[in-house]
Amino acid sequence: MATPPSHPTAASALRTVAVVGLGTMGTGIIEVLAAAGRTVVGIDVSEAAAVRAVAAVESATARAVARERLTGQERADLLARISVSTDLRAAADADLVVEVAPESYEIKQRVFRELDAIVRPDTVLATGTNALSVTRLAAESRRPERVLGLHFFNPAPAMRLVEVVSSVLTAPDAVTAVIRLALDLGKEPVAVGDRPGFVADGLLFGYLNQAAAMYEAKYASREDIDAAMRLGCGLPMGPLALLDLIGVDTARTVLEAMYAESHDRLHAPAPILGQLSEAGLTGRKSGRGFYTYAESGSAAVVRDALTPLSGGGPVPGRTVRTVGVAGSGTMASGIAEVFAKAGHPVVLAARSAEKAQAAKARIGTSLARSVDRGRLTAEAAARVLDRVVPAGSWDAFAEADLVLEAVAEDLEVKRRLFGTLDAVCRPGAVLATTTSSLPVVACARATSRPQDVIGMHFFNPAPAMKLVEVVRTVLTSDETHATVRAVCAGIGKHPVDCGDRAGFIVNALLFPYLNNAIKMVQEHYASLDDIDAAMRLGGGYPMGPFELLDVVGLDVSLAIEKVLHRAFRDPGLAPAPLLEHLVAAGCLGRKTGRGFREYASR
């Protein structure tokens, strides 16, 4: 195909924009465009939808005036720039048309065919799809070089990310013009190629799908899955609540499109998504999905048959006063600090008295920082530190009610330690491992009391992170489980229950997402910076995947990926070769000064 000529209108600012489809997304887009000084024509086949869209923008801008974000005159000018129509011919003078019709090739192709006969030759046609092929839509147009994707995120006025999607047919000047427009709208545009889900949804929906499958398998409750990802990863919403917000049917459609392209089992929609969709239980919009809501469209979750009862379980736990912590690293000292702050006498033991003293000194440094920041008084910090008794022998755990190990993430090391704890600790003491990836039952089987062994997976830094994954084996007693849940509540942590399988909840959902991000870079689909920006701005993640990988450590990440791949035997979980290459080269992240990015110092 010949290189298309440059079009002055496309290369300059796009001043008049038509938006086709006035649902929630289309309505948000017309508000954003009008706020940036564009003349906007909203078009929908339904006159009622057009009226609702105007009313919604009027209401939103009235709230902005009340909050002093707009003046009355600015609001009046904004509204004057918006007109609506039920006739697609209203787009005739548009420099840009943004189509946000329902996610159906048939509907979108019909819109594009009709627009071909209406708009000027230089008009840019943008589809707002997040699941369908931009290339396929472009190929159906008479002007494929003017067709691209412009994917806003919901709610469009608030979300800063915009994905600008090129097909192999798209003219560069059209992409440039739309990127300039996005910047003028106050958005952060990310330019990407055409593949299902693009960057943000391509990574997000695989994660959501795995969470749905985890729930369907009854591995953990919906509340615990959502709490684990909010508290363990700092996400604004848990995955199942987010699926309800997006729409279970919409998620299923996106995943079907992704699977058709990738044939990756991680993208094959979990059967529960189809079952809920076919039953009409599509999430908030229907009043019921994974959760039950007060009414259709409501965000208020109400109790249903699956809501857990509040209060303790039927089996009482044991009394825990003295706590032993085995280890001398950051996690061990952090856990010891948590228990000491909660008033427990703590025995902090390591392989030598010097290591134990160094671990206690680390607690002192942490407490001093809290004093400097005004979170503790000097007197309170001194009392906390006095509760920690360092020891150079595991024998010091003889009278402890609960012993947690935080030694090296090596199964043989942990098994030997549990054999020692079995001999040292009094009958009835609870023995816990803080492993993040190893089988808890293997530690339990190293003792003569597997019923007293459980997993307590704290997150780093332990004093700050609220989550603890409570991991039961098939041998753990109800009494041990009840004891640990009560202990978690007593130290101000949020316990979530899960079974003894690789990754538990957080790592089993987090690391496949990180691995898929690496694959995107490896395949030259998007840059590190664009992927990180897409997930921060479009997914609400506190860190982009590559920022997080460098913080966690690439060697640690690779080890967890290998455990997940070995446990689930899913080809999609195989560690990305790029991750393996970086680890082999000694590029482990911030701790070595270089990982996916380079750092000024270690």
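Computed over heavy atoms, backbone and side chain alike; hydrogens, waters and symmetry mates excluded.
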Check: Can you tell if the side chain of Thr480 reaches within under 4.5 Å of the side chain of Thr483, non-hydrogen atoms only?
Finding: no
Next item on the list: Output, in order, the C-alpha distance, side-chain angles, deciding distance and verdict of side chain to side chain contact (heavy atoms under 4.5 Å, CB included) for His344 and Arg387.
Entry: CA-CA 7 Å; His344 290 275; Arg387 294 188 191 110; over 6 Å; no
Next item on the list: For Tyr291 and Asp226, test the side chains for any donor-to-acceptor distance below 3.5 angstrom and give the result as yes or no.
Entry: yes
Margin query: Nearest 0.5 angstrom please: Arg288 CZ to Leu281 CG, how far?
Written below: 5.0 Å
Item checked: From Glu405 atom CD to Thr433 atom OG1, the distance as rounded to the nearest 0.5 Å -> 3.5 Å
Check: Has the side chain of Asp500 got a donor or acceptor atom that lies under 3.5 Å from a matching backbone atom of Pro439?
Finding: no
Check: With distance as the sole criterion, is a donor-acceptor pair present between the side chains of Asp550 and Tyr599 under 3.5 Å?
Finding: yes
Notebook entry, point to check: Does Glu337 have any salt bridge (Lys or Arg N to Asp or Glu O under 4.0 Å) partners at least two apart in sequence or in another chain, and if so, which?
Noted result: Lys341
Next item on the list: Kindly say whether the aromatic ring centers of Tyr207 and Phe511 come within a distance under 6.0 Å.
Entry: no
Note to self: Could you check whether any side-chain heavy atom of Met214 comes within less than 4.5 Å of a side-chain heavy atom of Arg501, counting everything from C-beta outward?
What the structure shows: yes
Notebook entry, point to check: Take atom CZ in Arg597; do more than 12 heavy atoms of anything else shown fall under 6.0 Å from it?
Noted result: yes
Item checked: Results of salt bridge (Lys or Arg N to Asp or Glu O under 4.0 Å) for Arg222 - residues two or more places apart only -> Asp304
Item checked: Any donor-acceptor N/O pair, Lys360 side chain to Val388 backbone, under 3.5 Å -> yes
Checklist line | Verdict with supporting geometry, Leu208 and Ile246, side chain to side chain contact (heavy atoms under 4.5 Å, CB included) | finding: CA-CA 11 Å; Leu208 296 177; Ile246 291 167; 3.8 Å; yes
Item checked: Thr476 and Thr473: side chain donor to acceptor below 3.5 Å -> yes
Check: Is it true that a side-chain atom of Asp201 and a backbone atom of Leu204 form a donor plus acceptor pair closer than 3.5 Å?
Finding: no
Check: Taking Asp452 for the side chain and Val430 for the main chain, is one N or O donor matched with an acceptor at less than 3.5 Å?
Finding: no
Margin query: Is it the case that over 12 heavy atoms from other parts of the model lie below 6.0 angstrom from the CZ atom of Arg472?
Written below: yes
Notebook entry, point to check: At their closest point, which heavy atom of Leu558 faces which heavy atom of Glu580, and how far apart are they?
Noted result: CD1-CG, 3.7 Å
Notebook entry, point to check: Do the non-hydrogen side-chain atoms of His565 and Asn515 ever get within less than 4.5 Å of each other?
Noted result: no
Notebook entry, point to check: Can you tell if the side chain of Phe596 reaches within under 4.5 Å of the side chain of Glu547, non-hydrogen atoms only?
Noted result: no
Note to self: With side chain to side chain contact (heavy atoms under 4.5 Å, CB included) as the criterion, how do Leu578 and Val521 come out once you've worked through the C-alpha distance, each side chain's angles and the decisive distance to 0.1 Å?
What the structure shows: CA-CA 9 Å; Leu578 177 58; Val521 168; 4.1 Å; yes
Notebook entry, point to check: Does the side chain to side chain contact (heavy atoms under 4.5 Å, CB included) test come out yes or no for Asp386 and Arg383, once each step is laid out?
Noted result: CA-CA 5 Å; Asp386 284 345; Arg383 287 195 297 271; 5.5 Å; no
Notebook entry, point to check: Do Arg284 and Ser298 come close enough that some side-chain heavy atom pair is under 4.5 Å?
Noted result: no
Item checked: Ion pair check, Glu399 and Arg426, cut-off under 4.0 Å -> no
Checklist line | Distance, nearest 0.5 Å, that separates CH2 of Trp394 from CZ of Arg416 | finding: 11.5 Å
Notebook entry, point to check: At their closest point, which heavy atom of Ile225 faces which heavy atom of Pro239, and how far apart are they?
Noted result: CG2-CG, 3.8 Å
Next item on the list: Quick one: closest heavy-atom pair of Ile505 and Glu469, and the distance?
Entry: N-OE2, 3.1 Å
Margin query: Restricting to side chain to side chain contact (heavy atoms under 4.5 Å, CB included), what partner residues turn up for Met331, sequence neighbours left out?
Written below: Ile335, Ala406, Phe458, Asn460, Ala462
Checklist line | Atom CZ of Arg303 with >12 non-hydrogen neighbours under 6.0 angstrom | finding: yes
Note to self: Treating Thr365 as the side-chain partner and Ala361 as the backbone partner, does any N or O pair qualify as donor plus acceptor under 3.5 Å?
What the structure shows: yes
Notebook entry, point to check: Around Arg318, counting heavy atoms of other residues, nucleotides and ligands shown, do more than 12 lie under 6.0 Å from its CZ?
Noted result: yes
Check: Is the side chain of Asp497 donor-acceptor paired with the backbone N or O of Asp224 at a distance under 3.5 Å, no angle test?
Finding: no
Notebook entry, point to check: Without hydrogens or angle criteria, can the side chains of Thr322 and Asp401 be said to hold a donor-acceptor pair below 3.5 Å?
Noted result: no
Margin query: Let me confirm one number: the CG-CG distance from Leu514 to Leu549, rounded to the nearest 0.5 Å.
Written below: 4.5 Å
Next item on the list: For the residue pair Val470 and His481, establish whether any side-chain heavy-atom pair is separated by less than 4.5 Å.
Entry: yes
Check: Just wondering, do Glu216 and Gln275 contact through their side chains at under 4.5 Å, heavy atoms?
Finding: yes
Notebook entry, point to check: Could you walk me through whether Tyr541 and Asp532 pass the side chain to side chain donor-acceptor pair (under 3.5 Å) check?
Noted result: CA-CA 9 Å; Tyr541 285 71; Asp532 275 354; over 6 Å; no
Next item on the list: Would you check if the side chain of Ser328 reaches a backbone N or O of Ala350 as a donor-acceptor pair within less than 3.5 Å?
Entry: no
Notebook entry, point to check: So, for Lys493 and Pro463, which heavy atoms are closest and what is the spacing to 0.1 Å?
Noted result: NZ-O, 3.6 Å
Notebook entry, point to check: Counting distance only, does the side-chain N/O of Arg252 pair as donor-acceptor with the main-chain N or O of Pro269 below 3.5 Å?
Noted result: no
Notebook entry, point to check: For the side-chain contact (heavy atoms from CB on, under 4.5 Å) test, which of Leu548, Asp555, Leu554 pairs with Val552?
Noted result: Leu548
Next item on the list: Pick out which of His457, Glu561, Glu409, Lys562 makes a side chain to side chain donor-acceptor pair (under 3.5 Å) with Ser437.
Entry: Glu409
Checklist line | Within-4.5 Å side-chain heavy-atom neighbours: Ser393 and Arg351 | finding: no
Notebook entry, point to check: Distance from Ile491 atom CD1 to Lys466 atom NZ, nearest 0.5 Å?
Noted result: 9.5 Å
Next item on the list: Can you measure from CZ (Arg415) to OG1 (Thr447) and round to the nearest 0.5 angstrom?
Entry: 10.0 Å
